[in-house]
Amino acid sequence: MAPKRPGVFGALLAAILFGAATPLASRLVGSATPQVLAGLLYLGSGVALGASMLVWPAAREAPLTRRDMPVLGAAIVLGGALAPLLLLVGLEHTTAASASLLLNLEVVFTALLAWLAFHDGFSARVGVGLTLILAGAVAVSWQPGRVGMAWGAVAIAGACACWALDNNLTQLVSAKDPRQIATLKGLIAGSANLAMGLLVGGSLPGAARTMAAMGIGVVGYGISLTLFVSALRSLGTARVAALFALAPFSGVVIAIVVFRDRAPTLLVPALLLMGAGIWLYVSEHHEHAHRHEPLTHTHRHSHDDSHHDHEHPPGTTVDGTHSHEHHHPAMVHSHAHQPDVHHRHGHGSRVRFRSNIP
């Protein structure tokens, strides 16, 4: 029997919801400047998720602490403020075809940073899967016309680099409450984008379009980001970013089915490439003897695995999942795993990656 793949379904659903937001939000373009519209999308997600936390507290999740704020703050500044600004500058100085293709660099930069700087596990299988998924994303976003490089392209590449840093920094705090992380990102990034958009001469659209933009943001940004953060804690940044590359394909399908847009010429090859790449990820089996260094942290967990066998104070309820600070002693063992919050280790030459499909 194949082992469970925690995080895969969440990452794919996050990509589908985010991709669906693009064709829906495109129907609002023209009613407000791009930065004002981006601010409303982010802000809608933050307001809705914040309200949901008041009505439905996440008692079993570990809340953010002051120690998490520098990392999360840097992620929000890079991904929520600087990246959208660079993207807007780039869109003014490059073709739509160039911009569409260049945005796929986010996946590449995210994976490279994860592998080189943040100790995500890498294998030839994962590399081939990433290449196939990225090729599918390029195929589905390909537009006939002139594709060239200019200063605008450099700005868009810079935006992708900022989002890549945002993704990897967010992974560092992904053990904490995903909804709280998504709420803060939505409120701060939304307020920043909306303020910048209004300061440079933009204005709010009518009440109906404002509510529509914020509603799209709740699903396509808020729920999607919550699922994205949850997947980061289970799969690591590189794998989640690769699966999230499904978003352009999702957007295209929604545009075709709902709005009767014309199907891209390379839609079928893109589907085949992405399907093959996702299969390589889902069927990956990564198992080897590895060492856990001593670690003390707080996150949601249960006691049905080989990592959480610690003692609890008398009277503590430990049934099911719960959250509290706990200590992991040094340990060496072997089992199938992903680069989750407990497996951010280096790899030697005897690492075994294989498919779990007979």
Side-chain angles (χ1 to χ4, degrees), residues 5-15 18 58 61-65 67-80 82-83 105-123 126 129-130 133 160-186 188-189 221-247 281 284 286 290 292-293 295-301 307 323 328 337-347:
R5 297 296 175 193
V8 170
F9 176 77
L12 293 175
L13 183 56
F18 182 78
E61 291 286 358
L64 290 163
T65 66
R67 288 181 298 177
D68 301 317
M69 291 308 168
V71 172
L72 183 59
I76 292 173
V77 170
L78 287 166
L82 186 56
L105 287 174
E106 180 186 348
V107 180
V108 178
F109 292 160
T110 297
L112 289 176
L113 278 171
W115 293 331
L116 298 177
F118 292 89
H119 308 295
D120 254 22
F122 173 77
S123 70
V126 169
L130 171 63
I133 293 172
C160 291
C162 288
W163 277 316
L165 281 167
D166 173 13
N167 293 336
N168 279 282
L169 290 173
T170 301
Q171 200 279 339
L172 297 180
V173 297
S174 62
K176 302 303 178 65
D177 186 354
R179 194 161 37 133
Q180 188 179 11
I181 293 171
T183 297
L184 289 175
K185 278 195 164 192
I188 297 173
Y221 285 60
I223 298 176
S224 174
L225 181 55
T226 302
L227 292 168
F228 182 87
V229 175
S230 296
L232 284 176
R233 69 166 62 160
S234 300
L235 294 177
T237 320
R239 287 161 177 77
V240 174
L243 295 174
F244 203 76
L246 179 69
Y281 273 74
E284 178 197 8
H286 175 46
H290 55 278
H292 292 273
E293 299 297 335
L295 173 67
T296 299
H297 63 173
T298 305
H299 67 96
R300 180 177 178 175
H301 64 277
H307 296 96
S323 174
H328 297 275
H337 61 276
Q338 299 282 2
D340 55 26
V341 294
H342 295 106
H343 297 94
R344 308 286 290 178
H345 50 258
H347 295 83

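Each residue takes its place number in the sequence, starting with 1.
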Exercise. Looking only at heavy atoms, what is the nearest atom pair of A242 and Y281, with distance?
Worked result: CB-OH, 3.4 Å
For this session: Dump the intermediate steps for side-chain contact (heavy atoms from CB on, under 4.5 Å) on Q171 and V240, then the final yes or no.
Result: CA-CA 10 Å; Q171 200 279 339; V240 174; over 6 Å; no
Seminar exercise, completed: For A62 and A175, the nearest pair of non-hydrogen atoms, with its separation, is CB-O, 4.4 Å
Problem set entry | Side chain to side chain, L243 and L235, heavy atoms closer than 4.5 Å | yes
Problem set entry | For the student: nearest non-hydrogen atoms of L78 and L169, plus distance | CD1-CD1, 3.9 Å
For this session: Applying salt bridge (charged side-chain N to carboxylate O under 4.0 Å, His left out), name anything that partners D177, two or more places apart in sequence or on another chain.
Result: none
Residues 222-232 side chain polar contacts: donor-acceptor under 3.5 Å, at least two apart:
unit_1	atom_1	unit_2	atom_2	d
S224	OG	A14	O	2.7
T226	OG1	G222	O	2.9
S230	OG	T226	O	3.1

For this session: Check side chain to side chain donor-acceptor pair (under 3.5 Å) between S174 and all other residues, then give those that pass, not counting sequence neighbours.
Result: none
Problem set entry | Sequence-distant partners of K176, side chain to side chain donor-acceptor pair (under 3.5 Å), two or more places apart | D68
Exercise. Is a side-chain N or O of W163 found less than 3.5 angstrom from the main chain of G79, in a donor-acceptor match?
Worked result: yes
Problem set entry | Residue list, salt bridge (charged side-chain N to carboxylate O under 4.0 Å, His left out) with R233, at least two apart or on another chain | E61
For this session: Could you walk me through whether I181 and L64 pass the side-chain contact (heavy atoms from CB on, under 4.5 Å) test, one step at a time?
Result: CA-CA 8 Å; I181 293 171; L64 290 163; 4.0 Å; yes
Seminar exercise, completed: Heavy atoms of D120 and G236 approach each other most closely as OD2-C, 3.6 Å
Donor-acceptor contacts, no H, no angles, side chain residues 106-113, under 3.5 Å, sequence neighbours left out:
unit_1	atom_1	unit_2	atom_2	d
E106	OE2	N167	ND2	3.2
T110	OG1	E106	O	2.7
T110	OG1	N167	ND2	3.1

Exercise. Is the closest side-chain heavy-atom distance between L130 and W115 below 4.5 Å?
Worked result: yes
Seminar exercise, completed: Residues I76 and A189: closest non-hydrogen pair is CG2-N, 4.3 Å
